[in-house]
Each structure stands twice: as structure tokens, then as C-alpha cells.
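Okay, structure first, notes after.
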Amino acid sequence: MCDEHMTDLYLSEPPGAERTRPRRPAEARLAVRRAVAERCRATPTPCDADALSDALLVASELTSNAILHGGGVTDFQVDVDGARVRLSVSDRSDRLPGAVPRTDPQGRTRHGGHGWPIVCRLSRDVRVSDLPAGGKCITAVVPLVRQAPDPSRRTSSGRP
């Protein structure tokens, strides 16, 4: 799913799948929007606007993190499978993503560091895989239909 080597043309992608290498988060969001729209036109795939917004935010965060912390996006894949979007973003870094404390050791408020918790909260499944030639691939599955909040998935503040 996250091949290190890319070509400019992918001939065997299923309907609703799109592979590009976005240079900016806006390009990743556009790829997700196009893939979802194509799938919803071709099949009776349910999709609500809030759930699509979640998928767009996850794509944006994963792409931003790859660009800022991972040496750039080396592969990007969007696959709409039923009522969910599978987003895979690969980068050059072996470093695992993680949440950043809100303050630095001196007690000063840090800016940023919210992307990974957002990805984890909005996704039903998140996996990080090492790539054979180095780097990693992060795959997140985001539902296209919003469900009621799961009380077992709480934030650090204890809120769902």
C-alpha cells in the first residue's frame, strides 16, 4: 500500500482510489475530496459533510506532519472503501509520531503539536509501518458517516 517508489501514472487503482504525491496539505485535501466525490457518484456510498471534513482534516494533518517532520511526502494514497476513507502517507523519517506536551521544560506554552492527537481521535484505525528502505507509512481509516461518540475513547481531559 505504501510503496517507496512511485511513478507518475497508476493504471490499476480501483474506483475511488487516488495516488499522488502532494506538495502541500491543500493538494492532499483535494485528492480526498475528489476520491470521495467520485465514489459517491459511482456507488451508493453514504457520506455526510461532517465526516468528509474529518477525512480532510486527517489528510491535512498527516501531510503537514510528513512535510514538517518527516522530510517530505514520499507516497500518498486515498482509497474509498465502502463508508470509509483509507489515507496512507509515507515519508522519509523513521521517527514515530506522538503528542507533544503543552508546555516546554521551562513551563512556557508550546504552539503546535496537536496534529497527531487529532488524527488518532478522528480515525477508526491508525497504523504506522516501517518501510524497507527507511521511512514510515502512516495509514488512517476515517469513517464517511459520523457515529455517536464512543465513551471509551476519551481525551486526556476525560471528555469524549
Side-chain angles (χ1 to χ4, degrees), residues 1-4 6 8 10 13-41 45-102 109-131 134-147 149-150 153-157 159-160:
M1 181 179 337
C2 293
D3 305 323
E4 182 189 14
M6 281 188 57
D8 292 330
Y10 290 88
E13 293 299 323
E18 184 168 325
R19 288 179 77 130
T20 60
R21 197 177 339 187
R23 292 181 188 92
R24 300 182 330 247
E27 293 172 1
R29 291 190 303 269
L30 181 60
V32 171
R33 191 178 300 279
R34 284 180 178 164
V36 170
E38 179 183 317
R39 183 63 177 232
C40 290
R41 272 194 306 271
T45 300
C47 177
D48 65 50
D50 289 337
L52 177 58
S53 292
D54 291 349
L56 297 174
L57 182 55
V58 169
S60 187
E61 290 296 340
L62 289 176
T63 305
S64 294
N65 287 347
I67 292 166
L68 293 173
H69 309 293
V73 176
T74 58
D75 193 18
F76 179 86
Q77 183 175 2
V78 179
D79 182 25
V80 182
D81 180 24
R84 62 188 183 167
V85 179
R86 182 179 299 108
L87 305 163
S88 296
V89 179
S90 299
D91 64 37
R92 293 178 175 83
S93 174
D94 295 325
R95 201 168 125 213
L96 296 175
V100 176
R102 291 181 184 225
T109 301
R110 290 185 176 170
H111 298 285
H114 306 289
W116 184 244
I118 288 171
V119 168
C120 293
R121 178 152 174 109
L122 296 178
S123 303
R124 288 289 165 248
D125 186 35
V126 180
R127 297 174 191 240
V128 181
S129 306
D130 292 327
L131 297 174
K136 66 182 169 299
C137 175
I138 300 176
T139 301
V141 177
V142 183
L144 287 175
V145 177
R146 272 229 181 134
Q147 300 173 353
D150 180 353
R153 293 185 74 171
R154 300 205 176 267
T155 64
S156 60
S157 67
R159 289 180 291 200

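Note: hydrogens, waters and symmetry copies are ignored here, and every other heavy atom, side chains too, is used.
Shown here for P25 and I67, the closest heavy-atom pair between the two residues is CD-CD1, 4.1 Å. Residue T139 comes nearest to C137 through the heavy atom pair OG1-SG, 3.8 Å, listed as atom of the first residue, atom of the second, then distance. Scanning all heavy atoms of the two residues, the minimum distance from L87 to A55 falls at CD1-O, 3.7 Å.
Residues T109 and R102 are not in side-chain contact: their nearest non-hydrogen atoms beyond the backbone lie 4.5 Å or more apart. For the pair P22/L30, no side-chain contact is recorded, criterion being any heavy-atom separation below 4.5 Å from C-beta on.
For R33, the side chain to side chain contact (heavy atoms under 4.5 Å, CB included) partners two or more places apart in sequence, or in a different chain, are L52, L56. For R24, the salt bridge (charged side-chain N to carboxylate O under 4.0 Å, His left out) partners are E27, not counting sequence neighbours. Checked against side-chain hydrogen bond (donor to acceptor under 3.5 Å, both in side chains), D94 has no partners two or more places apart in sequence or in another chain. Evaluation of the side chain to side chain contact (heavy atoms under 4.5 Å, CB included) rule for V126 yields W116, V119, S123, I138, A140 as partners, not counting sequence neighbours.
The backbone N or O of D91 lies less than 3.5 Å from no partner atom in the side chain of K136, so there is not a single donor-acceptor pair.
Counting only residues at least two apart or in different chains, side-chain hydrogen bond (donor to acceptor under 3.5 Å, both in side chains) contacts with residues 54-71 comprise R29-S60, D54-R146.
Here R121 contributes atom CZ and H114 contributes atom NE2; the two are 14.5 Å apart, rounded to the nearest 0.5 Å. The OG1 atom of T74 lies 6.5 Å from the CG atom of L131; values are rounded to the nearest 0.5 Å.
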